[in-house]
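Structure, as structure tokens:
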Amino acid sequence: MRTSYFVRNPSVVIFLAVLLLFTLGVTALSDGAGNGAISTSFIKTLGKTLCLCLIAVAMDLIWGYTGILSLGHFAFFGLGGYMVGMWLMYERTRDIVITSLANAPIPPTEQEVVDAIGTQIFGVVGSSEFPLVWAFADSLVLQLALVVLVPGLLALVFGWLAFRSRVTGVYLSILTQAMTLALALYLFQNDSGLRGNNGLSGLQNLPGVSAPQSVVSLWFFWASALALGLGYMLASWVVSGKFGSVIRGIRDDEARVRFLGYPVEAFKLFVFVLTAVLAGIAGALYYPQAGIINPAEVAPIASIYLAVWVAIGGRGRLYGAVIGAAFVSLISTWFTGGQVPSVNLLGYRVDWVEWWQVILGLSFVLVTLFAPKGIGGLVDLVTGRLAPNRHGADYGPDQGALMEEEGRK
Amino acid sequence: MSTLLEVSGVSVTFDGFRAINNLSFQIGPAEMRAIIGPNGAGKTTFMDIVTGKTRPDEGRVLWGEKSQSLTRMSEAKIAQAGIGRKFQRPTVFEDQSVFDNLAMALRKPRGPLAVLWYRPARADAERVHELAAEIGLSDQLSRKSGELSHGQKQWLEIGMLLAQEPRLLLVDEPAAGMTHEEREHTTALLVEAAKTRAVVVVEHDMEFVRRLNCKVTVLHEGAVLAEGSLDHVTANQQVIDVYLGR
Amino acid sequence: MQALLQQHADTIVKSSRRTIGPAIDAIAASGLEQAQTVLQKWQARAMWQRDSDGLFFWAEEVDRDTLRIFDFDSGDDLGTAPDDEFSQIKPNSGIRALLGVALVQFQLSDPNPQRRLDALQAIQRNAEASHLQPLRNSIESETDAGIRATKERLENLLTVSFDDDEAARIAAIEDIAGNISLDARSTLNPLLAVSPQVSEGAVPADRNVARTLKPGSAALPRDAAYEMLVAEGLAPARISPEAMRAALAENITDGRVGGVPVGRLSDMAARETAYAALAEAGTVPAFVREAEVEAALARHSFYEVYAEPSKAVTDAARAAMNRTQRNVHMSQAFDLTLDALSLASIFFLAAIGLAITFGVMGVINMAHGEFIMMGAYTGYVVQQIIPNYTASILVSLPLAFAVTFAAGVAMERLVIRWLYDRPLETLLATFGISIALQQIAKNIFGTQARPLTSPAWLDGAWTLNDVVSISYIRIAIFVLALIFLALFLFIMKRTRLGLETRAVTQNPRMAASMGINPDRVNMLTFGLGSGIAGIAGVAIGLFAKVTSELGQDYIVQSFMTVVVGGVGNIWGTLAGATMIGFFQKGVEWLNPSNTLAAQTYMIVFIIIFIQFRPRGIIALKGRAAGD
């Protein structure tokens with residue numbers, strides 16, 4: 001009866017194998033390994049892409065499986081980034097301050113060092129005091145704990161409020177979008193304590209590490225790959241058993257699950273918090289590779305793009321989310337990087353940097369209309385798994401949570 | 001005979017419309033009851049109140065030996081307390097297999113963490129097979145339930161109800177859209193279930209009600225109009241007026 | 001007059017601001033009717049002295065070398081004369097100002113009312129004690145009722161500031177109590193001006209003390225109090241950590257300071273020891289210890305004194321100011337209400353189209369903001385073609401409606417109708433359209449803001465008093481919002497389209513079987529909602545910058561408006577817009593420096609509000625709500 005978890009979920013094995021091969025291959029070709037076929041900046045791009053894949057997996061869990069279209073997961077992503085960024089910036093500034101004070105005739109006191117760090121970090125917003133939120137910035141362990149705790153706690157409070165009042169469907173989406181906007185606006189303020197729209201910068205430098213960026217970038221690349229692998233396994237484990245059954249039930253018919261005796265709100269909250277934590281971890285790995293984080297990263301539009309990736313990759317299957325995130329974000333980088341030659345179209349010069357957004361937007365409409373299964377749907381063609389001939393209402397992963405309520409009328 | 005569910009003096013108003021008007025209703029622990037009434041009599045609203053979907057404006061809904069009040073409990077808590085409900089339209093999880101549908105309904109701890117760590121034991125699988133045999137879906141277990149016929153879905157839903165092991169079953173129009181044979185099977189399932197638990201069937205079809213052979217409650221304008229055997233209530237002049245019009 | 005001038009000839013010729021006073025006063029107070037002419041000519045540098053006999057005349061320059069001479073007393077034309085026989089009296093600017101003051105009394109009684117008003121305004125701008133008497137004198141003979149009122153008002157204000165009689169001042173103060181005009185407030189304010197003072201021992205009884213200050217309180221922090229003592233020379237300056245550090249750094253000898261090794265100076269206690277040692281040796285000023293600071297503060301009293309010495313006057317002014325402040329607050333509240341109403345009408349305009357598509361049809365249109373943007377750009381393009389602003393606005397309103405109506409219909413036909421049963425997918429598909437439209441706008445119009453100029457008759461503001469005012473554009477938008485409310489109600493309740501829309505909303509299948517074509521109704525409803533967004537875009541473009549991100553700024557607020565108000569009810573949208581508008585303005589009022597915070601709090605408030613009314617302010621109840 002009890003077969004191995006991996007035997008029952010062959011896609012996990014395939015995914016992990018592909019991820020491992022990819023990681024090894026990239027490492028072998030990297031600058032850091034002395035080969036140089038892949039530049040350090042491209043390693044960073046790949047590492048960032050892996051982090052985006054991880055948050056896409058989280059998004060798939062909450063949207064594709066549980067049916068909650070959250071437009072707020074990039075808020076958790078950003079919070080994770082801010083949490084780790086605070087430590088990176090604090091410690092790095094501390095190194096700089098100590099170096100510069102070493103030449104002073106009188107050795108600095110502890111307080112003088114902290115004050116100098118404060119002036120360095122907050123001078124740009126016209127302050128030198130450390131706000132309360134930086135209380136733990138000198139401790140890596142505590143800040144890493146906050147990477148998990150802050151997004152988790154925000155998700156817990158918001159989710160509890162939202163689910164408790166039975167807000168569902170598009171309402172919930174708009175509410176999550178509002179939450180994200182509120183957070184972004186809050187962070188934009190100079191007195192939020194996180195340097196307003198300057199954000200945190202210089203995050204690519206690991207304090208106390210003298211290794212060159214080509215090597216550091218590899219470390220982060222490996223960490224991202226590991227996080228994605230573990231996150232993927234966790235997500236597929238969560239959706240594989242009865243828990244998966246229940247959350248898919250919630251997606252398709254929330255009321256029915258409730259009448260089966262399952263506390264639907266608790267399940268939603270669990271998934272919401274879990275995915276928020278995954279998003280926070282992904283963000284904590286992403287921003288050290290990006291080097292800078294500012295409130296614009298948290299803006300609602302980012303979370304909507306996340307939904308776009310997952311939809312293009314294919315909802316309701318974890319590898320779909322990964323494919324979508326990787327494919328769209330890499331191709332976006334390519335198009336917006338200005339490396340694609342312009343094309344003359346009937347005398348009009350099409351500059352891809354300008355027109356890529358238009359193509360992305362329209363292709364998204366086309367995917368929604370004509371290929372609701374996304375890229376992942378191609379796998380079905382290969383494996384010959386076709387949609388069942390359903391009688392009655394069509395409640396698949398293609399439909400939102402509001403749909404079955406309308407269907408019942 | 002003791003009382004399993006007691007509804008007394010319940011009223012509900014929607015935007016000034018009194019859907020349920022001072023309704024009182026009782027049922028014992030192992031009893032079959034049919035509720036009939038014209039459209040808008042409040043049958044579905046009555047079920048909504050018992051299962052916690054709608055909160056009554058006034059009145060009491062008491063449950064079990066300890067006379068728990070259901071009006072303050074959530075739907076999930078009420079279901080866990082032992083009240084199962086079958087909707088008018090078959091609502092099964094079409095994207096999932098028959099086995100998964102039944103397994104989900106099995107009486108097991110319902111909390112998220114308990115569910116997360118749950119791994120199917122041999123006894124659970126056996127119980128699912130047993131239920132499948134009972135509802136006649138043994139050879140459909142691995143199929144997606146969306147592929148089932150209308151009648152099969154109705155049975156699957158009844159099977160899911162039984163898997164919950166409720167003490168009270170609320171069944172909304174189980175026979176709608178069924179063929180003759182399917183109806184007989186459904187009747188047998190319900191009668192069998194009523195031997196060990198309370199079953200309340202809401203039905204329009206008099207033929208089906210007659211076959212259930214049980215006490216009948218007639219609802220009209222949100223209140224009980226008559227109660228008794230089918231022959232008794234159909235002889236009642238008021239009932240005739242309500243059903244046939246004056 | 002000539003005699004008078006001769007009497008003061010010396011001061012007039014060698015005039016300086018300090019010495020000229022008596023001469024001017026004598027002329028002004030002479031009561032001679034020529035006095036005004038003399039002062040005016042003097043001020044205008046048209047007064048000349050004849051070198052031969054020292055007599056004063058006024059003169060016009062005929063050409064470079066010739067003057068036409070006039071006698072002051074008779075006013076007679078004395079004919080022309082070469083200018084080298086005369087020297088010009090050249091008053092400097094200080095004297096000219098004094099002359100101006102002296103002239104005031106003449107101007108105040110000038111037969112030309114405009115001159116009188118000018119004089120009053122001049123006094124108002126730059127009041128002096130000397131104005132008071134001439135002003136009083138001129139009231140009696142004033143014939144124009146309006147000018148008389150102004151004079152009396154000004155006289156009152158000058159009395160407050162400059163009268164010698166305390167009782168008169170207090171009476172005048174009581175007269176302007178509660179008056180919220182700027183000049184009344186600026187008259188009272190100097191009376192209440194205070195300066196912090198410190199003195200040893202108790203507060204002196206002979207000063208007009210506003211209040212005593214306690215060091216360490218919010219009004220006077222401890223450090224600031226000690227700074228005052230230092231500034232007054234009543235206490236030695238404290239040694240700041242930086243100063244101590246610098247002093248230590250200067251006195252390093254052989255790696256030690258005051259006997260303490262430099263390496264140990266990273267500790268504050270060690271630094272103090274080292275510094276104490278230096279102070280002992282007399283190389284640095286002594287360290288002021290906390291206890292000494294405490295003692296110094298205790299020895300002195302701190303207080304604020306009024307610049308105005310009379311306590312009775314300051315008390316009256318304080319009481320008057322309190323009444324004024326109360327009135328100002330009331331006016332501010334009213335002003336805030338107007339602002340909030342204006343903001344609410346903007347939200348309402350932005351949200352009404354959404355209320356139709358989301359509320360009535362259940363379709364969520366993320367591209368709604370881009371329709372607003374399209375409307376604004378339509379207005380901009382029309383202005384490029386029609387330069388007359390009034391005409392271009394009149395053209396662009398219907399044109400914006402037409403453009404966005406067409407865009408809405410196209411979107412409904414091509415995309416949305418395939419997704420009617422999949423609301424979340426509609427959200428994402430329309431989002432795709434939204435980013436495409438935004439980028440297209442960026443490609444066409446560039447990233448910089450384009451101006452959409454309002455016609456001149458919409459410039460300016462309606463001003464009720466010095467506190468309450470509202471710009472005409474905002475009034476126009478408010479009116480536009482009302483028009484749309486009426487239009488919406490008319491369409492929904494009185495037209496065939498409204499009837500069919502309501503039917504399709506409630507039961508599409510039934511409506512279809514009644515012969516209503518739901519496709520057509522949906523298409524028109526969606527077009528209507530989009531068209532209204534276009535018109536809202538023109539209105540918003542008039543006061544906001546037209547950029548490709550214009551819609552983004554309003555979309556979330558619009559959704560909030562609809563959600564808070566309650567879906568499917570125009571009154572709900574109105575209530576939602578009103579609530580959000582008032583709330584946002586309210587928070588801005590509490591924390592005026594920070595509009596970002598206001599928006600953050602507003603959204604948090606909405607999230608909490610949804611807890612209590614998940615279906616909005618005006619909710620459909622029961623089974624109709626479709627829960």
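Any value given below was found using the heavy atoms of this structure, including those in side chains, with hydrogens, waters and symmetry copies removed. Throughout, protein chains are lettered first and strands after them, A, B, ... in sequence-line order, and every chain is numbered starting at 1. From a predicted model like this one, the values you see are computed outputs, not experimental measurements.
How far CG of A:L175 is from CD1 of C:I606: 9.0 Å, rounded to the nearest 0.5 Å. Expressed to the nearest 0.5 Å, how far CD of C:Q438 lies from CD1 of A:I301 amounts to 6.0 Å. The CD atom of A:E112 sits 4.5 Å away from atom CZ of C:R245, with the distance rounded to the nearest 0.5 Å. Rounded to the nearest 0.5 angstrom, C:W418 CH2 and A:T368 OG1 are separated by 14.5 Å. Interatomic distance, CG of C:D267 versus CD of A:E110, reported as 10.5 Å (0.5 Å rounding). In this structure, CZ in C:F559 is found 11.5 Å from OH in A:Y171, a value given to the nearest 0.5 Å.
Neither the backbone nor the side chain of C:L437 comes within less than 4.5 Å of any heavy atom of chain A. With a threshold of 4.5 angstrom between heavy atoms, A:L71 approaches chain C through side-chain atoms but not through N, CA, C or O. Contact annotation for C:L248: both backbone and side-chain heavy atoms come within less than 4.5 Å of a heavy atom of chain A. For chain C, the nearby parts of A:E354 are the backbone and the side chain; heavy atoms of each come within less than 4.5 Å. At a 4.5 Å heavy-atom cutoff, A:A184 makes no contact with chain C through either its backbone or its side chain. Heavy atoms of A:Q111 lying under 4.5 Å from chain C are absent altogether. At a 4.5 Å heavy-atom cutoff, the contact between C:I364 and chain A is made by side-chain atoms alone.
Counting only heavy atoms from C-beta outward, the side chains of A:L69 and C:L428 approach each other to under 4.5 Å. Within the 4.5 Å cutoff, the side chain of A:I174 has heavy atoms near those of the C:M560 side chain. Using a 4.5 Å heavy-atom cutoff, the side chains of A:I106 and C:R271 are in contact. A:L181 places a side-chain heavy atom less than 4.5 Å from the side chain of C:I603. C:I435 has its side chain out of reach of A:F364: every pair of non-hydrogen atoms, C-beta onward, lies at least 4.5 Å apart.
By number of non-hydrogen pairs under 4.5 angstrom with chain A, the leading residue of C:A429, C:S434, C:P241 is C:A429. Across C:T430, C:V604, C:L419, the residue that shares the most heavy-atom pairs under 4.5 angstrom with chain A is C:L419.
Applying the 6.0 Å contact sphere to CZ of A:F188 captures more than 12 heavy atoms from other residues, nucleotides or ligands. Other residues, nucleotides and ligands place no more than 12 heavy atoms under 6.0 Å from the CE atom of C:M510.
Residues A:P108 and C:S266 approach most closely at O-CB, 3.1 Å, considering heavy atoms. When all heavy atoms of C:A436 and A:G361 are compared, the closest pair comes out as CB-CA, 4.4 Å. Minimum interatomic distance between A:S173 and C:L424 (heavy atoms only, all atoms of both residues): OG-CD2, 3.6 Å.
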### Step-by-step side-chain contact (heavy atoms from CB on, under 4.5 Å) determination, A:L369 to C:E425
CA-CA 9 Å; A:L369 284 179; C:E425 306 233 323; over 6 Å; no
### Message
Does C:M366 form a side-chain contact (heavy atoms from CB on, under 4.5 Å) with A:Q177? I'd like the steps, not just the answer.
### Response
CA-CA 12 Å; C:M366 295 294 280; A:Q177 191 187 9; 3.9 Å; yes
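Within the 3.5 Å criterion, the main-chain N or O of A:W355 finds no donor-acceptor partner in the side chain of C:Q439.
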